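Before any comments, here is the structure.
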Amino acid sequence: MKRGLLILIALTALAAACAAGGWYWLNDYARTPMQHQSDYALTVEPGQTLGAILEVLAADNVIAHPRAVRWHARLADRGNQIQAGRYTLTPGLTPSGLLDQLRDGAVDLVRVQFIEGWTAAQAVEAVIQHSDIANDLDIAIEHRADGVAFLSETANDALISALDLEVDYIEGWLYPDTYQFAPGAKASELLRLAHQKMQRELDAAWLGRRVRDTLPDKRAMLTLASIVEKETSRDDERAEIAGVFDRRLVRSMRLQTDPTVIYGVGIRYDGDIRRRDLTDDNPYNTYRIDGLPPTPIALAGRASLDAVANPSDGSALFFVASGDSDGRHVFTDSVEAHERAVQQYLKKIRNQ
């Protein structure tokens with residue numbers, strides 16, 4: 001009896017030692033870097049089990065002991081904490097770190113960028129053609145001769161309806177920015193996000209504006225900001241150009257800005273503005289209409305919104321490109337001075 005008890009105690013102690021040793025080994029292995037020497041792309045499908053994931057990694061020689069990782073996860077109660085997505089496993093990552101990534105859903109984020117001055121159609125096209133975005137929109141895109149994308153009236157209406165937006169025309173109502181999302185995000189969700197951000201940025205610019213009669217509402221501010229966006233890429237000139245347009249509106253002078261004419265020509269534009277384009281009766285021809293066109297013509301960034309909200313003081317009523325490589329403009333107060341600046345510009349262009 002006494003001998004049997006001793007044996008039982010000995011076996012129990014041995015089992016405990018083995019268990020402790022096994023747990024120590026499992027923990028040590030879980031903290032040991034896996035075998036891959038470069039970034040490894042892992043895609044976890046919805047509902048995929050940890051065991052299936054580990055078998056894939058073992059087949060690709062990323063881990064040597066998939067069963068050990070499964071036991072460690074089971075004993076640590078981490079085996080069911082898995083989120084689907086695309087992961088990048090960097091060199092030096094341990095099995096424990098892998099389990100942390102799967103638990104936290106630390107998936108690779110995909111980026112899509114909307115550029116200041118783009119048309120809304122260009123932004124929509126960037127989204128629906130992105131390989132990592134689920135395109136849930138049936139929208140047809142038209143293209144100008146230079147490749148710039150445009151939305152037909154029918155496509156615009158369909159997009160407004162699909163996104164459930166409270167605007168009549170989507171042009172200008174998407175904020176130019178870089179958006180990050182998980183692969184598989186819906187196109188409609190991303191575009192709504194861009195629209196909501198534009199609303200917030202426009203509200204902020206409107207609240208910070210210098211109150212004046214030339215901008216009766218936020219829509220007018222957005223429209224003028226889109227014109228400023230297309231006129232210059234220089235932040236240090238935006239407020240000055242906005243000041244020119246503001247003074248022209250105060251004096252009931254036509255804006256006479258080429259970007260609106262180009263927008264009005266639409267998909268027929270081939271790189272040149274012709275005389276017939278300047279005399280055409282369309283609502284975007286600011287050489288013929290008074291005031292602002294009916295909608296924005298492009299995506300305006302915060303710098304252009306702020307410039308329109310607080311335009312520079314001064315007396316200039318005209319501006320023209322300097323013709324230099326720095327993208328600057330020459331600002332003048334009179335028709336005569338403006339014509340001289342235009343001739344100087346044309347001379348530089350001819351010499352180049």
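Everything numeric here is computed off the predicted structure, so don't read it as measured data. The first residue in the sequence is number 1, and the count goes up from there.
- Classified by interplanar angle (parallel below 30°, tilted 30° to 60°, perpendicular above 60°), the ring pair Phe331/Phe319 is tilted.
- Between Arg328 and Asp236 a salt bridge is recorded (basic side-chain N to carboxylate O distance below 4.0 Å).
- No hydrogens or angles considered: nothing links the side chains of Arg234 and Thr232 as a donor-acceptor pair under 3.5 Å.
- Around the CZ atom of Arg67, the shell of radius 6.0 Å holds no more than 12 heavy atoms that belong to other residues, nucleotides or ligands.
- Between the side chains of Glu116 and Ser304, no donor N or O sits under 3.5 Å from an acceptor N or O.
- Looking at Thr286 and Thr260, their side chains do bring a donor and an acceptor atom within 3.5 Å of each other.
- Taking Ile, Leu, Val, Met, Phe, Trp and Tyr as members and joining any whose side-chain heavy atoms lie under 4.5 Å apart, directly or through other members, the hydrophobic cluster of Val261 also contains Ile262, Val265, Tyr269, Ile273, Leu278, Tyr287.
- The pair Arg247-Asp333 fails the salt-bridge criterion, with no side-chain N (NZ, NE, NH1 or NH2) lying under 4.0 Å from an Asp/Glu carboxylate O.
- Side-chain contact annotation: Glu125 with His143, donor-acceptor N/O pair under 3.5 Å present.
- Salt-bridge annotation for Arg200 and Asp203: absent, with no side-chain N of the basic residue lying under 4.0 Å from a carboxylate O of the acidic one.
- Comment: Asp100 engages Arg103 in a salt bridge, judged by a side-chain N to carboxylate O separation of less than 4.0 angstrom.
- Between Tyr179 and Phe114, the angle of the ring planes lies from 30° to 60°, which puts this pair in the tilted group.
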For a quick test of your reading: what N or O donor-acceptor pairs under 3.5 Å do the side chains of residues 150-166 make, sequence neighbours left out?
{"unit_1": "Ser152", "atom_1": "OG", "unit_2": "Ala155", "atom_2": "N", "d": "3.1"}
{"unit_1": "Asn156", "atom_1": "OD1", "unit_2": "Ile170", "atom_2": "N", "d": "3.0"}
{"unit_1": "Asn156", "atom_1": "ND2", "unit_2": "Asp168", "atom_2": "O", "d": "3.2"}

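- In this structure Asp104 satisfies the side-chain hydrogen bond (donor to acceptor under 3.5 Å, both in side chains) test with no other residue, sequence neighbours excluded.
- The existence of a salt bridge linking Asp270 and Arg144 is excluded, since no basic side-chain nitrogen approaches an acidic carboxylate oxygen closer than 4.0 Å.
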